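To start, the structure itself, in structure tokens.
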Amino acid sequence: MADLPSTRPGASAADEAHGSRRLSTGACDSHMHIFDPRFAPSPHWKRQPPHADVAAYLQLQRRLGTSRTVVVNPSTYGVDNTCTLDALAQLGASARGIAVVGADVADAELDRLAAQRICGLRVNFVTPQSWGVTTPEMLTTLARKAARLGWHIQVFVHPEQLVQLEPVLAALPTPLVIDHMARIDPAEGTAAEAFSTLRRLLDGGRTWVKLSGVYMRSREGAPAYGDMETLGRALIKAAPERMVWGSDWPHTTEAPGTVDDDDLVRVLRAWCDSDRTMDGILVDNPSRLYGFEP
């Protein structure tokens, strides 16, 4: 990745972190989590959650220069979305939420969540869930329920699961959001079977990708995660109008202190061929997907 421009005199902290151009007004972090010790983890969750509350996240927002966010309910809390709803109440109209619910969730509960700025459901095939094993049948059931509200379905899958689930994903009655670049191995990159699957889904016109979690499969690591660049650029080229970016703060898959969120913004900048492309990913696309005011 090319060196960023040197800091200009009088630059703000966000300028110093990301180069001479500030993030545009309305820039959105489209994937992060809140962990607040006031809320107990689900009994199924065996790891100690970090302390990552709204106050700490607001400090990160000020440093990065983002002003909007999407709070994703973590698996830590099972199907209890109370912590996420509390975060949305604190963050106000500049935040949206993605909930986790069971397949038997009632319409009344979904209506209650919608009234508090939840706009999608996450279906996780990767990490332990409070109900046990996530199935394709659960995915399709939840998609039918989400469609009534105009929500989208967000899925977290291993690459091989993406390939296996392609027919199901292509037939969902909702927009589809793929977490963390489908965890595609950068050693395979665009030659991976999962990338071909993802391209077909993108070409269908209703699939979005979160350019997040770049550290999950990178072997080169920080600060540039250079082995992920070919994959990132290819996804942006394929459907720039349906890419969003997320920090995945507080980076629970990594050792504490090993991920610098400023690096993650630099990575996105390196992948984008223009300021307009980056603004689309950070501002315009999240506005459409999550219903922020233009």
Side-chain angles (χ1 to χ4, degrees), residues 13-14 17-18 23 27-42 44-92 94-100 117-118 120 122 124 126-130 154-156 177-181 183 210-218 221-225 228 244-268 281-282 286 290:
H18 310 133
L23 297 186
C28 182
D29 178 354
S30 296
H31 190 105
M32 48 74 72
H33 309 283
I34 293 295
F35 299 89
D36 191 315
R38 292 179 298 148
F39 304 99
S42 168
H44 87 283
W45 196 255
K46 304 307 179 186
R47 287 184 283 150
Q48 177 65 34
H51 186 145
D53 59 13
V54 170
Y57 184 73
L58 289 172
Q59 293 180 8
L60 177 69
Q61 271 197 323
R62 287 190 288 270
R63 196 176 89 228
L64 294 181
T66 56
S67 57
R68 292 170 172 167
T69 192
V70 178
V71 185
V72 179
N73 201 62
S75 300
T76 304
Y77 295 115
V79 295
D80 184 351
N81 294 278
T82 309
C83 181
T84 292
L85 294 175
D86 178 82
L88 293 176
Q90 293 185 63
L91 292 164
S94 64
R96 298 289 185 271
I98 306 300
V100 177
R117 296 192 309 281
I118 295 293
R122 192 187 201 203
N124 188 329
V126 175
T127 54
Q129 299 299 294
S130 58
Q154 175 179 322
V155 299
F156 187 28
V177 179
I178 306 292
D179 268 3
H180 305 322
M181 304 167 67
R183 290 180 52 86
K210 288 194 174 184
L211 302 171
S212 56
V214 296
Y215 39 75
M216 290 182 179
R217 300 300 301 269
S218 175
Y225 305 97
M228 295 291 293
V244 293
W245 174 87
S247 67
D248 194 32
W249 186 88
H251 320 295
T252 57
T253 63
E254 311 304 301
T258 59
V259 177
D260 185 333
D261 295 272
D262 295 316
D263 289 340
L264 304 180
V265 178
R266 290 190 187 95
V267 166
L268 177 63
I281 292 169
L282 289 175
Y290 299 111

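Computed from a predicted structure; not experimentally measured. Position 1 is the first residue of the sequence; numbering continues from there.
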- Query: Glu254 and Val259: which non-hydrogen atoms are nearest, and at how many Å?
  - Reply: CG-CG2, 3.8 Å

- Message: So Met228 and Met181, do their side chains get closer than 4.5 Å, heavy atoms only?
- Response: yes

- Task: Taking atom types as modelled, find out whether Ser75 and Thr127 have a side-chain donor-acceptor pair closer than 3.5 angstrom.
- Result: yes

- Closest approach of Tyr290 to Arg96 (non-hydrogen atoms, all atoms of both residues): O-NE, 3.0 Å

- Criterion side chain to side chain contact (heavy atoms under 4.5 Å, CB included) on Val265 and Leu64, from CA distance to verdict: CA-CA 8 Å; Val265 178; Leu64 294 181; 4.0 Å; yes

- Can you name the nearest heavy-atom pair linking Ile118 to Ile98, along with the distance? CD1-N, 4.0 Å

- Message: Please tell me whether Thr66 and Asp29 have a donor and an acceptor in their side chains that are separated by less than 3.5 angstrom.
- Response: no

- Check whether any side-chain N or O of Arg117 sits under 3.5 Å from a backbone N or O of Gly92 as a donor-acceptor pair, and report yes or no. yes

- Taking the side chain as every heavy atom from C-beta outward, state whether Val244 and Cys28 have any atom pair closer than 4.5 Å. no

- Nearest heavy-atom contact between Trp245 and Leu211 is CD1-O, 3.3 Å

- Query: Using the ring of each side chain (for Trp, its six-membered ring), is His33 parallel, tilted or perpendicular to His31, with breaks at 30° and 60°?
  - Reply: perpendicular

- Item | Check against salt bridge (Lys or Arg N to Asp or Glu O under 4.0 Å), Asp260 and Arg266 | CA-CA 10 Å; Asp260 185 333; Arg266 290 190 187 95; 5.2 Å; no

- Kindly say whether Gly78 contributes a backbone atom to a donor-acceptor pair with the side chain of His44 at under 3.5 angstrom? no

- Of all heavy-atom pairs between Ser218 and Val214, which one has the smallest distance, and what is that distance? CB-O, 3.4 Å

- Arg122/Asp179 under side chain to side chain contact (heavy atoms under 4.5 Å, CB included): CA gap, chis, key distance, verdict: CA-CA 9 Å; Arg122 192 187 201 203; Asp179 268 3; 2.5 Å; yes

- Task: State whether a side-chain donor-acceptor pair under 3.5 Å links Ser67 with Gln61.
- Result: no

- Message: Set out, in order, the CA-CA distance, both residues' side-chain angles and the distance that settles side chain to side chain contact (heavy atoms under 4.5 Å, CB included) for Val72 and Lys210, then state yes or no.
- Response: CA-CA 12 Å; Val72 179; Lys210 288 194 174 184; 3.9 Å; yes

- Message: side chain to side chain contact (heavy atoms under 4.5 Å, CB included) for Met216 and Asp248? Distances and angles first, verdict last.
- Response: CA-CA 11 Å; Met216 290 182 179; Asp248 194 32; 3.5 Å; yes

- Message: Quick check: do Phe39 and Asp86 have side-chain heavy atoms less than 4.5 Å from each other?
- Response: yes

- Check each of Thr258, Asp263, Leu264, Val267 against Tyr215 using the side-chain contact (heavy atoms from CB on, under 4.5 Å) test, and report the only one that passes. Leu264

- Query: Does any non-hydrogen side-chain atom of Tyr77 lie less than 4.5 Å from one of Thr82?
  - Reply: no

- Note on the structure: Nearest heavy-atom contact between Ile34 and Pro74 is O-CG, 4.1 Å

- Side chains of Val100 and Gln129 in contact at under 4.5 Å (non-hydrogen atoms): yes

- Please examine the side chains of Val71 and Tyr57, heavy atoms only from C-beta on, and report whether any two atoms are closer than 4.5 Å. no

